[in-house]
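Following: one structure in structure tokens, then a few remarks.
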Amino acid sequence: MLKITLPDGSVREVAPGTTPADIAAAIGPGLAKAAIAARVDGELRDIMRPLEQDAALALVTAKDEADALELARHDFAHVLAEAVQHLFPGTQITFGPSTDDGFYYDFAPSADRGPFTDDDLPAIEAEMRRIIAADKPLIRKEIDRETLIAQWQAAGETFKAEWAAELPGDEPLTVYHSGDGWYDMCRGPHLASTGRLNPDAFKLTRVSGAYWRGDQKNAMLSRITGTGWLNKKQLAEHLTRLEEAAKRDHRKLGAEMDLFHLQQEAHGSVFWHPKGYLIWRQLEAYMRRAIDDAGYREVKTPQVMDARQWEISGHWGKYRENMFVIPDEVPNVEDEGPLVSDDADWMALKPMNCPAHVLIFRQGIKSYRDLPMRLYENGCCHRNEPHGALHGLMRVRQFTQDDAHIFCREDQIVEEVRAFCALADRIYKDFGFTYSIKLALRPEKRFGSEEMWDKAENELRDAVAAAGLNTPDYGWEELPGEGAFYAPKLEWHLTDAIGRTWQVGTIQSDRVLPERLDASYVGEDGARHRPVMLHRAIFGSYERFIGILIEHYAGRFPLWLAPVQAVVATIVSDADDYAAEVLTKLRAAGIRAEADIRNEKINYKVREHSLAKVPNLLVVGRREAEEGKVALRVLGSDGQTFLSLDEVISRLANEVRSPDMY
RNA sequence: GCUGCUGUAGCUCAGUGGUAGAGCGCGUCAUUGGUAAUGACGAGGUCGGGAGUUCAAUCCUCCCCAGCAGCACCA
């Protein structure tokens, strides 16, 4: 007999081969119905999988939401695969996991049919519902590896055969059969039967391409993605969340609020409109105050440099596919012949600012007394990004980084990184972000010795500890293998108002570039030494950061960033003169204000400026004009307050200050 | 770059093998109205670009470009 310990501490003796489902049934019919899986010694398992030894057993029900969702999503993927193979014989199955909000399955469609399209989804959904309604048992079986590979090959499932052959270990593999002979190789666990899924809790959302095993060199598979939940309500809530996120889309709000636009003649580069550029200028001014205080000095470096310089820095060899290159000669103006000669010299638009900053450092002889030297640049970079990667402001081909390089001695690294952590902390909090910090450790392909990496990683660890940020509150985590090829890096991941995360800030120590560009300083000993170079950014790029801010604030910028901080709206034209007076005073107080004296009803004006997300609406009619007051309506509130003009001015003048000016 | 989808007025979208329509916006006129849409009239597009099929293409076919969703990429 086996001794099975339940969560309440009680022990049941059962015969070997008893399943968790049997035990649930023995406890009570309610539990038997609710139990969907089991945790056996902590491991999530099928409820129908026989117990073979003494174990601690906990039955899993829908109340264990994380487990229940994981099981359901995994099963949805399984049902999706079966449905597709029913409907489209000849389609090969490959791989289909659960995801954060659902599941997907990658298929290799038959050659004559080609990839799936959106039009196929309704039929597939219907077939999935049929399979769920059929309530087919999902039966786990162990199968000898060679047998399975032979079966897959016989069935023409070459991807599965490849996968099975390469799975590590030599123990038997597991497959899950669903009723009528269909099966997929899968570690499991699964629900006991397809009928455990809620047919109204999933939706196929898209088809797309995906490379086999995530490698561009491999075949392009056809991926069908769905979202899956435990019940209809959860699905509806999820769809609502997606709609809410879509409302914040910076591309949509950017157009509606007249902040910027993109067009195909300059795809990947932004046309900033006056209101959008106003936000940019606020951020720029804010950042300049911050870096001035922190002991940086601002520089400006060339947009175009000779290809030979990029060869020396290593970019020509490692990064050229992302660079825009320019012939260093007068283009051929004749109708005939090539635009440039075969032996043209080449220049390139800078994709990064770091080499230029080293070149500034190298001018003249630097002493240890000059260190740390912190050079900051609003550096406009161009990168020839793959077209499919471009996305609004988030991924562009021309962008401006808040980029700085700190040249310092080895013994200054920890303090410099610590100070940067403090600076970043203050800045992110000013924008209302929380964040987590990750340390990306040495990747497989890397330069430098193990000793150098040990040292570099420890320096960053020490600095984060010195800043007090290596705690769970700051999501402190180390990411093995994620570092740059020349250095480990610290990454700041912001969490926005609706819980999404964005990687923006970074600092990384670099001993490679100073070497390549032969940067040196004279030490106390009179000898030449290599400085270490810390690459760092807080916004990352102005473009992307503004994109993130638009979505974070849903377009309702805090007052100091709002392009238009107040609108004076008249009710009757008799108040026009007074409105002009109010406008003048607002502007004199440094408030970005406009007047709306159009011949429109006040309802119309309120609606329009509210939709335009103007933070303060100052309504003036005859009464206000006579009494020297305004009716202040603050965005997001229903009512209005009547204040004297002086009160409103002093109140707004106080509120429009940026957070670092308090 | 790869797979799929999309591309009609400033915006959102409808539509048809016989050279296009709505709402909003815009303009003009009337209206001076107290906190989320006053009314009337009017202007505005050759239907992403190129080629082909056809008597005839915005609509069908092909190529190109861009956008969108993923994948890959992201110093």
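We name chains A, B, ... by the order of the sequence lines, and we start the count at 1 in each one.
- Atom pair A:K318:NZ and B:A75:C1' shows a separation of 11 Å (rounding to whole Å applied).
- When rounded to the nearest whole Å, the span between CD1 of A:I571 and P of B:A36 equals 12 Å.
- The side chain of A:H387 lies closest to B:A66, out of B:A72, B:A66, B:U3.
- For A:R308 and A:W346, the positive end is not near the middle of the six-membered ring at less than 6.0 Å and at most 45° from its axis.
- At a cut-off of 3.5 angstrom, counting only N and O atoms as typed in the model, there is a donor on one side and an acceptor on the other between the side-chain of A:R395 and the base of B:C73.
- Using a cutoff of 4.0 Å between basic side-chain nitrogens and carboxylate oxygens, A:R530 and A:D518 are scored as salt-bridged.
- The side chain of A:S573 lies closest to B:U32, out of B:U32, B:C71, B:A75.
- A donor-acceptor contact under 3.5 Å is not formed by the side chain of A:Y211 with the base of B:G70.
- Distances were taken from every side-chain heavy atom of A:H267 (C-beta onward) to each of B:C71, B:A69, B:G67; the shortest belongs to B:G67.
- Side-chain atoms of A:H535 and A:Q508 form no donor-acceptor pair, as typed in the model, at a separation below 3.5 Å.
- Pair assignment for B:G34: none, as no Watson-Crick or G-U wobble contacts are both less than 3.5 Å.
- Considering A:R383, A:H382, A:E543 as possible partners of A:Q398, the one that fulfils the side chain to side chain donor-acceptor pair (under 3.5 Å) test is A:H382.
- Contacts between residues 530-543 of chain A and RNA chain B, defined by a heavy-atom separation below 4.0 Å, involve no residue at all.
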Only distances under 3.5 Å count here; give the side-chain donor-acceptor pairs of residues 265-272 of chain A to other protein atoms, sequence neighbours excluded, each with its distance to 0.1 Å.
unit_1, atom_1, unit_2, atom_2, d
A:E265, OE1, A:Q263, NE2, 3.2
A:H267, NE2, A:R397, NH2, 3.4

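- At a cut-off of 3.5 angstrom, counting only N and O atoms as typed in the model, there is a donor on one side and an acceptor on the other between the side-chain of A:E624 and the base of B:G34.
- Comparing B:A36, B:U38, B:C65 by their nearest atom to the side chain of A:E600 picks out B:U38.
- The interatomic distance linking A:L121 (CG) with B:U3 (P) rounds to 19 Å, in whole Å.
- With distances taken from any side-chain atom of A:Q640 to the nucleotides B:U35, B:C73, B:A36, the minimum falls on B:U35.
- Taking only side-chain atoms of A:R633, from C-beta outward, the nucleotide of B:U35, B:A69, B:G70 with the closest atom is B:U35.
- For A:V619, counting side-chain heavy atoms from C-beta on, the closest listed nucleotide (B:G34, B:C71, B:U38) is B:G34.
- Closest contact between the side chain of A:A484 and the listed nucleotides B:A75, B:A36, B:G4 involves B:A75.
- A:P115 comes within 4.0 angstrom of the backbone, heavy atoms only, and of no base.
- Taking each heavy atom of A:W316 and A:M323 in turn, the nearest pair found is CE3-CE, 4.2 Å.
- Nearest nucleotide to the A:R622 side chain, out of B:A37, B:G4, B:G33: B:G33.
- Using a 30° and 60° split on the angle between ring planes, A:H357 and A:H405 fall in the perpendicular class, above 60°.
- Across all strands shown, B:C26 pairs with B:G42; the Watson-Crick or G-U wobble distances both stay below 3.5 Å.
- Annotation: of the two residues near RNA chain B, A:N322 and A:D118, the 5′-most nearest-nucleotide partner is A:D118.
- Ring geometry, A:W163 versus A:F95: the interplanar angle falls from 30° to 60°, so the pair is classed tilted.
- For A:Q401 against B:A75, a side-chain-to-base donor-acceptor contact under 3.5 Å is present.
- The side chain of A:A631 lies closest to B:G34 when the candidates are B:G34, B:C26, B:A69.
- Taking 3.5 Å as the limit, the base of B:A37 and the side chain of A:R607 contain a donor-acceptor pair of atoms between them.
- Atom CH2 of A:W502 and atom C1' of B:C74 are 14 Å apart (whole Å).
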